[in-house]
Amino acid sequence: MAENKKYTKTQELTYELRVKDVMNRTVVAVSPKTTINELREIFRDNRISGTPVEDKGKLIGIISIEDVINCLSEGEMDAIVADKMSTNVEVLRPDEPLVHAVSKFNKSGFGRFPVIERDGGKLAGVITKGDIIKGILEKLEIHYHEEEIQRHRASYIFDDIVADQTTLSFQYNIKSKDFNRAGESSSQLKKALNCLGIQPDLVRRSAIAAYEAEMNIVVFADGGRLSAAVQTSQIKLTASDSGPGIPDIEKAMQPGYSTAPDWVQELGFGAGMGLMNIKNCTDKMDIQSEIGKGTHITAIIYLNNKK
Amino acid sequence: MMTLKEIIVILKAEVVTGADKLNMKIQIGCAADLMSDILAFSSPGALLLTGLTNPQVIRTAEMIDIKAICFVRAKKPDNTITTMADDLNMVLLRTDLPMFESCGRLYKEGIVSIDNLGIDKNGRE
């Protein structure tokens, strides 16, 4: 039993919340001279099923719909509240934890308790089981909302880490000529950027650029590396390979210029759009390439939406 | 703007995967067999029409947040592709119609290309 005992969030809240946090403050207290007939209408108009009875600002009893029903069946609707109310009233204090109210409800079987101020004994409110449920649900809602906000808050991780410059970096190794798995690294990178809460359109631009760079490595080089360095102000993508190199970068940048073999084009790539796509999706791009040595592309995307 | 359910009727299409997501709303279409073109000239949330059936179609769609793809010309995607699409919560449709007619039918019913909306593909101002 003991090892399985779980302490739930709801239980935690019954300790955290106070009676005053969930009680109903707009109390329709009645005077002892009210007739049961009048009381019936008060209950109906206010949609309540019970209320405290006050005399000169002092709580003297509590009366519920059950008393009204009894009077109805006995034909005593003209009786006054003072004669029919329960005078043995149990009360709660505003500062008591909710768990006290819960146990009081469980023990007594009453539908409601008046809440009385410790100083002066003034009636502060009424609490029902419904108020408790509502109060807990509201609190859970607030917790959930905060969690959601935090999950979506852009790059909150950067706020939590204190340093003069924070850089998160991801690196992916890319295999050559493995067309079925090509794009996996960019896919993982995109998920990682999403996890950081970066703005969706910036994630998309980074992903497209990374994907085109990854495809180039798969097609032309014997594998290589794709990496992303994320800072508060920018994402820096780097794609490097030790492939054949680009003979004429200016030409390679032209849309439609391609040296890709036929099998690549059949897969929907190699139409000479790749480098242009990377350039268009990023704010700054640089290509270093040497024949026989390899190609090194860096591309930067600013996170503050300024170019 | 129409739902995938309506698009299925227009294209006489069948659902390959994602039958639970057919209430998705589509406003923009893009069509190509060249994935680089899709990467360069399409927009998030578009319906992609293509005759190409390889994993790169799904990867391309993933990169630009395309959630619905229709394979034209009676092409059938294999299991690798449907599994990838499932993982990414995408809807895959297929139709026997050729690309030209598929585009024509959708355009006639009000699906437009991204250029017609006058917004930059990357949402940049």
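Just so we're on the same page: letters track the sequence lines, and every chain starts at 1. We use all heavy atoms of the structure for the numbers below, so side chains are in, but hydrogens, waters and symmetry mates are not.
The CE atom of B/Met84 sits 7.5 Å away from atom CD of A/Glu184, with the distance rounded to the nearest 0.5 Å. From A/Ser187, atom OG reaches atom CD1 of B/Ile58 across 11.5 Å, with rounding to the nearest 0.5 Å. Note that the CE atom of B/Met35 and the CD atom of A/Glu212 stand 11.0 Å from one another [nearest 0.5 Å]. Here CE of A/Met215 is found 4.0 Å from CD of B/Gln56. Values are rounded to the nearest 0.5 Å. Summarising the geometry, atom OG belonging to B/Ser43 is positioned 12.5 Å from atom CG belonging to A/Asp201; distances are rounded to the nearest 0.5 Å.
Heavy atoms only, all atoms of each residue included: A/Asn277 and B/Ala40 are closest at OD1-CB, 2.8 Å. Closest heavy-atom contact between A/Met273 and B/Asp37: CE-OD1, 3.3 Å. The two residues B/Pro55 and A/Asn180 make their nearest non-hydrogen contact at CG-OD1, 3.4 Å. Scanning all heavy atoms of the two residues, the minimum distance from A/Arg204 to B/Met63 falls at CG-O, 3.1 Å. Between B/Leu88 and A/Lys191, the shortest heavy-atom contact is CD2-NZ, 4.4 Å.
A/Tyr211 touches chain B through its side chain: at least one heavy atom from C-beta onward sits under 4.5 Å away, while N, CA, C and O do not. For B/Thr53, no part lies under 4.5 angstrom from a heavy atom of chain A. For B/Leu34, the parts sitting under 4.5 Å from any heavy atom of chain A are the backbone and the side chain alike. With a threshold of 4.5 angstrom between heavy atoms, B/Asp33 approaches chain A through N, CA, C or O but not through any side-chain atom. Residue A/Gln265: no heavy atom, backbone or side chain, is found under 4.5 Å from chain B.
Residue B/Lys21 qualifies as enclosed at atom NZ: its count of foreign heavy atoms under 6.0 Å is above 12. In A/Gln165, the CD atom is crowded: over 12 heavy atoms of neighbouring residues, nucleotides or ligands sit closer than 6.0 Å. Within a 6.0 Å radius of CZ in A/Arg225, other residues, nucleotides and ligands contribute 12 heavy atoms or fewer. Within a 6.0 Å radius of NZ in B/Lys75, more than 12 heavy atoms belonging to other residues, nucleotides or ligands are found. In this structure, A/Lys177 places its NZ atom where more than 12 heavy-atom neighbours from other residues, nucleotides or ligands lie under 6.0 Å away.
Tested against A/Ile208, the residues B/Leu39, B/Ile38, B/Thr60 include a single side-chain contact (heavy atoms from CB on, under 4.5 Å) partner, B/Leu39.
B/Glu62 contributes no side-chain N or O that, together with a main-chain N or O of A/Ala207, makes up a donor-acceptor pair within less than 3.5 Å.
Taking chain B as the reference chain and counting heavy-atom pairs below 4.5 Å, the highest number among A/Ala182, A/Pro255, A/Pro200 is found for A/Ala182.
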